[in-house]
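Data block below; observations after.
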Amino acid sequence: ELAGFADVTFSALPVSPLTLVVPVGANPATYNASLGIRNTITGCVGTNYPIEVTVETNPAVTLGANPSICQGTTSTSISYGAAVGSPDEYSIDYNAAANAAGFVDVSFTTLPLGSITLTVPGAVAAGTYSATLVIRNSNTQCVSSAMPVAIIVNPLPTITLGSNPEVCQGATVASLLYSATTSTPNQYSIDYNLAAEAAGFTDVNLAVLPSSPITIPVPVAASPSTYNALLTVRNSTTGCVSTFNNVSVIVHPNPTIALG
């Protein structure tokens with residue numbers, strides 16, 4: 001009674017089961033009572049029956065940060081900790097916009113340890129996709145409150161390159177013009193093919209992206225030829241990298257003359 005349970009004076013006996021009112025604020029515990037029955041015609045009262053009402057702990061977890069990924073990523077995860085109430089299942093209900101973008105709801109399934117893998121549609125557009133996550137104890141059937149989850153899909157940066165640079169044999173730098181970047185790239189990488197590396201060109205890994213143009217070192221002894229590479233740009237905040245851009249450095253031979 002201290003927990004808020006209220007005694008029931010003889011009331012009409014319904015068809016099984018008996019409905020017992022549980023106080024909404026009752027703490028997890030086992031609450032005891034005795035049940036008596038009576039025949040109103042004869043006035044006879046049966047033996048009291050001991051009964052228990054067990055209020056189980058609702059499961060709960062503390063979710064980690066919402067995942068932030070790049071376009072084209074097909075899975076991510078959200079971590080959790082501080083589990084109470086022995087949850088062993090989870091479900092995810094995406095909102096209508098996320099469903100329309102290809103995210104699929106998850107019915108109650110086994111809760112993995114420490115983190116939950118989230119499947120992401122491969123062609124989904126950049127944006128924030130929202131859902132609610134619920135966990136459950138399959139033995140007690142108690143469920144947690146709904147927890148908001150958001151998957152942030154960041155766009156891939158892009159860069160529009162100018163013409164391939166052309167230099168004369170013996171030059172030590174070439175300039176690659178660019179324009180029209182999107183999604184704020186601030187780093188670039190250049191990956192030369194084997195022939196270019198054999199000629200002395202050196203790969204560039206996540207250098208600071210300067211204002212146009214990009215200066216490309218050229219080996220002073222590079223023979224006249226076309227040297228090929230792949231250039232990417234990256235946004236260091238989101239970690240997203242562009243698709244590959246083809247780049248060629250063209251080294252022209254110096255003219256010669258044979259004098260008589």
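By the 4.5 Å heavy-atom criterion applied to side chains, Leu18 and Leu35 are counted as neighbours. Taking 4.5 Å as the limit, some side-chain heavy atom of Thr76 sits within range of a side-chain heavy atom of Val120. Annotation: side chain of Leu161 is in contact with side chain of Asn245 (closest heavy-atom distance under 4.5 Å). With contacts defined as side-chain heavy-atom distances shorter than 4.5 Å, the pair Val249/Thr226 does not qualify. At least one side-chain heavy atom of Ser68 sits less than 4.5 Å from a side-chain heavy atom of Asn154. Two residues are said to be in side-chain contact when any heavy atoms from C-beta on lie closer than 4.5 Å; Ser183 and Cys240 fail this criterion. A heavy-atom distance below 4.5 Å is not found between the side chains of Thr40 and Phe10. For the pair Ile116 and Leu111, the minimum side-chain heavy-atom distance is below 4.5 Å.
Remark: the Asp88 side chain and the Ser138 side chain contain an N/O donor-acceptor pair separated by less than 3.5 Å. Side chains of Thr184 and Asn235: no donor on one and acceptor on the other come within 3.5 Å. Neither side chain, Ser144 nor Asn58, offers a donor N or O lying under 3.5 Å from an acceptor on the other. Checked by atom type, the side-chain pair Ser248/Asn228 shows a donor-acceptor distance below 3.5 Å. Between the side chains of His252 and Glu166, at least one donor N or O lies within less than 3.5 Å of an accepting N or O.
Interatomic distance, CZ of Arg234 versus CG of Leu206, reported as 5.5 Å (0.5 Å rounding). A distance of 9.0 Å separates CD1 in Ile92 from OG1 in Thr132, rounded to the nearest 0.5 Å. Atom CG of Leu118 is separated from atom OG of Ser75 by 8.5 Å, given to the nearest 0.5 angstrom. In this structure, OG in Ser225 is found 9.5 Å from CD1 in Ile250, a value given to the nearest 0.5 Å. Between the CG atom in Leu63 and the CE atom in Met147 there is a gap of 5.0 Å [rounded to 0.5 Å]. Distance CG/Leu230 to OG/Ser242: 10.0 Å, rounded to 0.5 Å.
The main-chain N or O of Tyr178 is found under 3.5 Å from a side-chain atom of Ser212 such that the two form a donor-acceptor pair. Formation of a donor-acceptor pair under 3.5 Å by the Asn193 side chain with backbone atoms of Ala229 is not found in this model. At distances below 3.5 Å, at least one donor-acceptor pair connects side-chain atoms of Asn66 with backbone N or O atoms of Ala150. Within the 3.5 Å criterion, the main-chain N or O of Tyr94 finds a donor-acceptor partner in the side chain of Asp105. For the pair Asn99 (side chain) and Phe103 (backbone), a donor-acceptor distance under 3.5 Å is present. Between the Asn137 side chain and the Ser86 main chain, a donor and an acceptor come within less than 3.5 Å of each other.
Connection of Leu209 to Leu156 is not established within any shared hydrophobic cluster, with ILVMFWY side chains joined at heavy-atom distances below 4.5 Å, either directly or through further cluster members. Residues Val149 and Val106 fall within the same hydrophobic cluster, defined by Ile, Leu, Val, Met, Phe, Trp and Tyr side chains chained together at heavy-atom separations under 4.5 Å. No continuous path of hydrophobic side-chain contacts links Val241 to Val124 [ILVMFWY only; heavy atoms under 4.5 Å]. Residues Ile152 and Ile69 do not share a hydrophobic cluster, clusters being chains of Ile/Leu/Val/Met/Phe/Trp/Tyr side chains in contact below 4.5 Å. Placement of Val204 and Val251 within a single hydrophobic cluster is found when ILVMFWY residues are connected by side-chain heavy-atom separations under 4.5 Å, directly or transitively.
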### Query
Would Thr243 and Thr232 satisfy side-chain contact (heavy atoms from CB on, under 4.5 Å), going step by step from the backbone distance to the final call?
CA-CA 6 Å; Thr243 57; Thr232 55; over 6 Å; no
### Message
Is there a side-chain contact (heavy atoms from CB on, under 4.5 Å) between Ile37 and Val45? Walk through the geometry before answering.
### Response
CA-CA 6 Å; Ile37 56 175; Val45 177; over 6 Å; no
### Task
Please step through side-chain hydrogen bond (donor to acceptor under 3.5 Å, both in side chains) for the pair Thr158 and Thr182, ending with a clear verdict.
CA-CA 5 Å; Thr158 67; Thr182 63; 2.4 Å; yes
### Task
Kindly indicate, with the supporting measurements, whether the criterion side-chain contact (heavy atoms from CB on, under 4.5 Å) is fulfilled by Thr74 and Thr119.
CA-CA 6 Å; Thr74 56; Thr119 300; over 6 Å; no
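For Ser115 against Pro112, the heavy-atom pair with the smallest separation is O-CG, 3.0 Å. When all heavy atoms of Val8 and Ser11 are compared, the pair lying nearest together is CG1-CB, 4.1 Å. The two atoms that bring Tyr129 and Ala98 nearest to each other are CD2-CA, 3.9 Å, heavy atoms only. Annotation for Asp203 and Tyr192: closest pair OD1-N, 2.7 Å, computed over non-hydrogen atoms. The shortest non-hydrogen separation linking Tyr188 to Val208 is CE2-O, 3.4 Å. Ala146 and Val134 make their closest contact through CA-CG2, 3.9 Å (heavy atoms, listed as atom of the first residue, atom of the second, distance).
Checking Asp191, Leu176, Asn246 one by one against Leu231, the side chain to side chain contact (heavy atoms under 4.5 Å, CB included) holds for a single residue, Leu176.
Tyr49 OH: 12 or fewer foreign heavy atoms inside a 6.0 Å radius.
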